[in-house]
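Written below as structure tokens is the structure these notes are about.
Order of the sequence lines fixes the chain letters, A, B, ..., with proteins taken first and strands second; residue numbering starts at 1 for each chain. Note that the coordinates shown come from a computational prediction; the quantities given were computed from them, not determined experimentally.
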Protein chains: 2
Amino acid sequence: MLNEIKINNSCGILLASSIWGIFRGLETFSQLVYLGTDGSTFVIRSTSIVDYPKFRHRGFLLDTSRHYLPIETITKTLDAMSYSKMNVFHWHMVDDNSFPFQSSVFPNLSDRGAFGNSAIYTKNDVKYVIEHAKRRGIRVIPEIDTPGHTLSWGLGGIPGLLTSCSDPHSNRFGPIDPTVEENYNFIRILLSEVNGLFQDKYLHLGGDEIDTSCWSTNKKIQMFMLRNNMSDVVDLEKYYFANIFNITQNLRTVPIVWEELFDDNIHLDPNAVVQVWKSDLNSSVSKVMKCGHPVIFSSCWYLNYINYGSDWLNFYRCDPTDVVGKNRLFLGGEACMWGEFVDETNLLPVSWPRASAVAEVLWSHVLNETEAKHRLEEHVCRMRRRGIPAQPASGPNYCHY
Amino acid sequence: MLNEIKINNSCGILLASSIWGIFRGLETFSQLVYLGTDGSTFVIRSTSIVDYPKFRHRGFLLDTSRHYLPIETITKTLDAMSYSKMNVFHWHMVDDNSFPFQSSVFPNLSDRGAFGNSAIYTKNDVKYVIEHAKRRGIRVIPEIDTPGHTLSWGLGGIPGLLTSCSDPHSNRFGPIDPTVEENYNFIRILLSEVNGLFQDKYLHLGGDEIDTSCWSTNKKIQMFMLRNNMSDVVDLEKYYFANIFNITQNLRTVPIVWEELFDDNIHLDPNAVVQVWKSDLNSSVSKVMKCGHPVIFSSCWYLNYINYGSDWLNFYRCDPTDVVGKNRLFLGGEACMWGEFVDETNLLPVSWPRASAVAEVLWSHVLNETEAKHRLEEHVCRMRRRGIPAQPASGPNYCHY
């Protein structure tokens, strides 16, 4: 990703050893150009820059289940990400609330589980997003969160998929039923389809906030536990993920999981990446790395939690460098925009420029609030010129062009 | 404003004794129509409604000084207001940060005090806004906030207008200098122009947050106080507003002032309306009414203060009825959207449907959170169909049409 920019009176040179370095260098170059005082000439200063990111993984999470997001909102997000040199789009596609991903093998999942016919991502939509991302140096990691956060899957007509909370006629459902053998076959086919479509090295398996209460009240599951000498519902999680990691190993994909699986001592795939979202830097992150697992960190960068004022400062002040040093197992972080209260009406202004503050923490080796504040004002206006409705960052201001 | 709607199998009748009642009744009628289960027929139930507002003044404040707002953002706000039966647009036009109002008599105020040439409201712009509002049953009350909040006025080339904080060469300026006789002439001409343009019965004079420190450090002003037996800078406020009320009396306009003037025991115009924004209902409101002044209340409806989640509930739970009863001096309230962190990128989603919760408190005689929650979801989708990008109100949801 290293790139070098040299600009003098006669010419400008951009050097990089990879296409990705060229991408980032071009972005830097575009930001070096500014409108001269005559109001019509664009100028650039003589300069010499050697630049490379502090962390490899600079991600942005979008949640398309709690509210459906039109493709244009997603591609605009990708555009804005590239303006802040972010390189991973973490697509939290499906969840309790809706299942917008159209599977070829199981079309009923979205036909019945999406919010509506116009709230579905077809294969072509997904390919379009991946291509749009790729052209901006952004990889797309899909998340298929199981076994919890799957209520909308229950509408898809897969018999026995979700745990019935008590007797077979209950209307309340819990996580995927880990005791049903056919469920693993279903998940294998689904993950295989997703993996084939996205073609990324990573696949996010979720694993967060598993509400095990239905496992405890379902008699069939209790019988299964007895038969298999399981004394705790956590054993069911272990059993479930042993099966899932088996699937991802066969797919030759690197699994990412939310931190609960690590906290619950689930036996992880040796290559599994752990995404820390609940704990602060000092607790879980070091523990996970000590166990040899790479870490993606996001606890302090939840964009959906809004506050009055310049709350980008809270994101900016969360710098992992002191804690993680140069440990290569710390891959980087993600700004997370969960979808409870955002949709196409407000997603872009709520996200930008707040996510740019996260991006700078993940890219820059030197952080400086005062300078960042000025640059952020400039960046807001730059994003607007480029079609991103970035909201005010730090109070009264005006974009002159 | 009373209106009556009767709908049966053969016909629908809307009765009202004024055009304003017809406006509100038509809005109600439009909200009674819904899409039938066949997905293509619009239907309405038989019903009989007698409706009238709880409070007369149901306002929305926009601040066009801290960020410039394009005319379209203002007219969309007016549209959305009418969908929630709000009837007063309080236009906080100018403030410290910029002076976007183009005065015919003093064009330098906006030429130099606006953020830029494209950030100016011409006479035609203002007339367009007033006409747009009028056609929706909304009056427009301009606010020309003095003597504080006027830093941007200082660029307009009116000699001696602002208080120099110490010696004549100081670069720091404070409020309008109350000791300069010519300043009252200037304000008289400006207010007269504003009043002639807006043609509303009311004129908001501001009077909030007067930073008197520069009055205390300016020697000329200290001399003036000595000469006039003034022992406290509050006496300067009294002197200033005695002059200003004299002007508004000649203009035959009813002044509105922020509550500080009442709290500071400034001798108010006997007709002056006091807008309470700092104190809660139980303290100032009753005191102001006891002194015979009408009240507009806004303390608990500051839309600019955002919170994660369904924060419309905080607005909804602030119901003045118990405290003010049927006291006719309580005119109503205003949802205030101060401009520090909103501009055209986010103003509409941040405002709506949160302001609709305020509107319901000000209109409806019966409040019910559970029902309001459902109606608000419906109203969000209705506003979107009508071109207002209203953001999610209470979590995951989807507008089916």
- Rounding to 0.5 Å, atoms CZ (Phe99(A)) and CG (Leu155(A)) come to a distance of 11.0 Å
Output all donor-acceptor pairs under 3.5 Å across chain B and chain A; consider backbone as well as side chains.
from: His67(B); atom 1: NE2; to: Gly395(A); atom 2: O; distance (Å): 3.2
from: His67(B); atom 1: NE2; to: Asn397(A); atom 2: N; distance (Å): 3.3
from: Asp343(B); atom 1: OD2; to: Arg384(A); atom 2: NH1; distance (Å): 2.9
from: Asp343(B); atom 1: OD2; to: Arg384(A); atom 2: NH2; distance (Å): 2.5
from: Asn346(B); atom 1: ND2; to: Gln391(A); atom 2: OE1; distance (Å): 3.1
from: Arg384(B); atom 1: NH1; to: Asp343(A); atom 2: OD2; distance (Å): 2.9
from: Arg384(B); atom 1: NH2; to: Asp343(A); atom 2: OD2; distance (Å): 2.5
from: Gln391(B); atom 1: OE1; to: Asn346(A); atom 2: ND2; distance (Å): 3.1
from: Gly395(B); atom 1: O; to: His67(A); atom 2: NE2; distance (Å): 3.2
from: Asn397(B); atom 1: N; to: His67(A); atom 2: NE2; distance (Å): 3.4

- Query: From Leu161(B) CG over to Phe106(B) CZ, what is the distance, rounded to the nearest 0.5 angstrom?
  - Reply: 9.5 Å
- Task: Heavy-atom distances under 4.5 Å only: say whether Val350(A) touches chain B with side chain, backbone, both or neither.
- Result: neither
- Message: Nearest 0.5 angstrom please: Phe60(A) CZ to Leu78(A) CG, how far?
- Response: 9.5 Å
- Query: Just how far is it from atom CG of Leu62(A) to atom CE of Met93(A), taken to the nearest 0.5 Å?
  - Reply: 11.0 Å
- Query: For the atom pair SG (Cys300(B)) and CZ (Phe315(B)), what is the distance rounded to the nearest 0.5 Å?
  - Reply: 8.5 Å
- Query: How many angstroms lie between atom CG of Leu69(B) and atom CE of Met337(B), to the nearest 0.5 angstrom?
  - Reply: 10.0 Å
- Item | Contact origin within Pro349(B) toward chain A - heavy atom pairs under 4.5 Å | side chain
- Query: Can you name the closest pair of heavy atoms from Pro389(B) and Leu348(B) and give their distance?
  - Reply: CG-CB, 3.8 Å
